[in-house]
Amino acid sequence: MRLVTHNMLQCHVRGCNVNNYPLQLSEVEIEIQETEFNSQFLRSMIRKLEWSALINSAREIGITTLPEVLPDDFDEDFLRNIHRVLLETHIQQGKMTCPNCNHVYLVRDGIPNMLLNESET
Amino acid sequence: MSNKVVFDNEQISDVVKEQQYVHEVYQAIAPHFSQTRYKPWPLVELFLKELDIGSLGADIGCGNGKYLDVNKNVFTIGSDRSSKLIDICASREFESIVCDALNLPFRNECFDFIISIAVIHHFTTPERRIAAIEELFRIVKPGSLVLIYVWALEQDARRKFDKKHQDVIVPWVVPASKNDPDRKEEAIYQRYYHLFKKGELDNLILNTGKAQIIKTDYDKDNWYVVARKKSCNK
Ligand SMILES: [Zn+2]
């Protein structure tokens with residue numbers, strides 16, 4: 001799971017509708033897998049993210065290189081860094097905890113399991 | 001060929017029906033299913049290729065992920081109820097998650113496009129089919145497109161169905177294979193399908209009140225609709 005995907009995920013336990021985003025990352029194992037750099041794609045894609053959630057989540061997995069505020073202009077260095085953080089950094093193992101209800105979702109072998117028990121839906 | 005069985009096991013609940021006749025079947029047939037599902041359907045491929053560069057989307061019920069790398073200029077997250085199918089996606093290095101289409105773990109209005117190909121027909125009641133469609137329109141942005149394919153009752157090519165019965169069981173046959181110790185003998189699995197009549201998918205989408213229909217047609221034994229999510233209060 002990449003941070004792009006994590007940026008879209010929220011808790012969906014029944015009745016958990018407020019303060020259920022972003023899921024807090026802990027006990028993570030990271031793997032870097034290189035992939036082709038596509039600056040035009042990145043320029044447009046960055047604007048689709050919840051930036052403040054992203055910098056928080058990045059910090060939770062030990063990445064402190066993102067600026068507090070999304071810059072107006074994206075230079076090459078910034079895009080290269082974003083490429084690394086968003087597309088090449090994979091969370092292979094870890095826990096995602098809902099900040100509201102404390103439900104824990106697991107990431108195993110790079111795959112988040114978001115299924116709930118019958119009683120939680 | 002018309003050897004399809006009408007689904008009339010009313011003793012079990014809708015949830016159990018989907019567990020036994022959909023979820024468990026895909027878990028069991030995942031590797032064989034995946035081997036037979038490698039070619040993208042041309043109209044789905046075209047839809048994905050026409051998206052704006054940098055679009056972020058989801059393929060709900062992505063199976064083995066054959067649509068996840070069609071367009072390198074967009075980012076598509078795959079989701080499926082079957083962890084075995086998602087294992088296959090992951091082994092192909094596709095971004096994917098395990099979740100239930102009735103209860104998607106995504107934020108409201110976070111995606112630029114959604115596709116759901118041959119998925120909604122596996123829900124056993126109108127209420128559940130509507131709920132699945134509602135979820136797709138919840139997570140897509142206003143003004144953005146959703147593409148949905150479902151099996152048609154009227155299909156007349158590879159399979160034929162009795163037009164009187166929309167809820168059917170369709171066997172999936174995994175042939176024996178000399179090279180695979182798990183496949184010493186042929187195995188037959190029974191899958192549940194709701195076959196859609198012409199216009200039925202359109203009505204479910206329109207009844208949500210959340211979308212307008214951009215295109216609706218028949219393609220490859222399926223009815224499909226491209227729908228645009230309305231902007232608020234319209
Ligand atoms: Zn929660």
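Side-chain atoms are counted along with the backbone in the values below, which use heavy atoms only and exclude waters and symmetry mates. In what follows, chains are A, B, ... by sequence order, proteins preceding strands, each numbered from 1. Everything quoted here is computed from the prediction, not taken from an experiment.
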With a 4.5 angstrom heavy-atom cut-off, is it the side chain or the backbone of [X] that approaches chain A, or both, or neither?
| X | answer |
| --- | --- |
| B:L104 | backbone |
| B:I86 | both |
| B:V74 | backbone |

Tabulate, in ascending numerical order, the residues of [range] having at least one heavy atom closer than 4.5 Å to a heavy atom of chain B, or enter 'none'.
| range | value |
| --- | --- |
| residues 11-40 of chain A | A:H12, A:Y21, A:Q33, A:N38, A:Q40 |
| residues 52-76 of chain A | none |
| residues 78-116 of chain A | A:L87, A:I111, A:P112, A:N113, A:M114, A:L115, A:L116 |

Exercise. Measuring from B:I77:CD1 to A:L9:CG, what's the distance to the nearest 0.5 Å?
Worked result: 7.0 Å
Problem set entry | Pairwise distance CZ(A:F41) to CG(B:N73) - rounded to 0.5 angstrom | 8.0 Å
Seminar exercise, completed: In short, salt bridge (Lys or Arg N to Asp or Glu O under 4.0 Å) pairs touching residues 95-122 of chain B with sequence neighbours left out are A:R2-B:E95, A:K48-B:D112, A:E50-B:R107, B:R81-B:D100, B:E109-B:K229, B:D112-B:K141
Exercise. How far apart are the closest heavy atoms of B:F106 and A:Q10, and which atoms are they?
Worked result: O-NE2, 3.4 Å
Seminar exercise, completed: Minimal heavy-atom distance between B:F75 and A:T5, with the atoms involved, is CE2-OG1, 3.9 Å
For this session: Report the option among A:R43, A:M45, A:R47 that has the most heavy-atom pairs separated by less than 4.5 Å from atoms of chain B.
Result: A:M45
For this session: Taking atom CG of B:D52 as the centre, report whether more than 12 heavy atoms of other residues, nucleotides or ligands fall under 6.0 Å from it.
Result: no
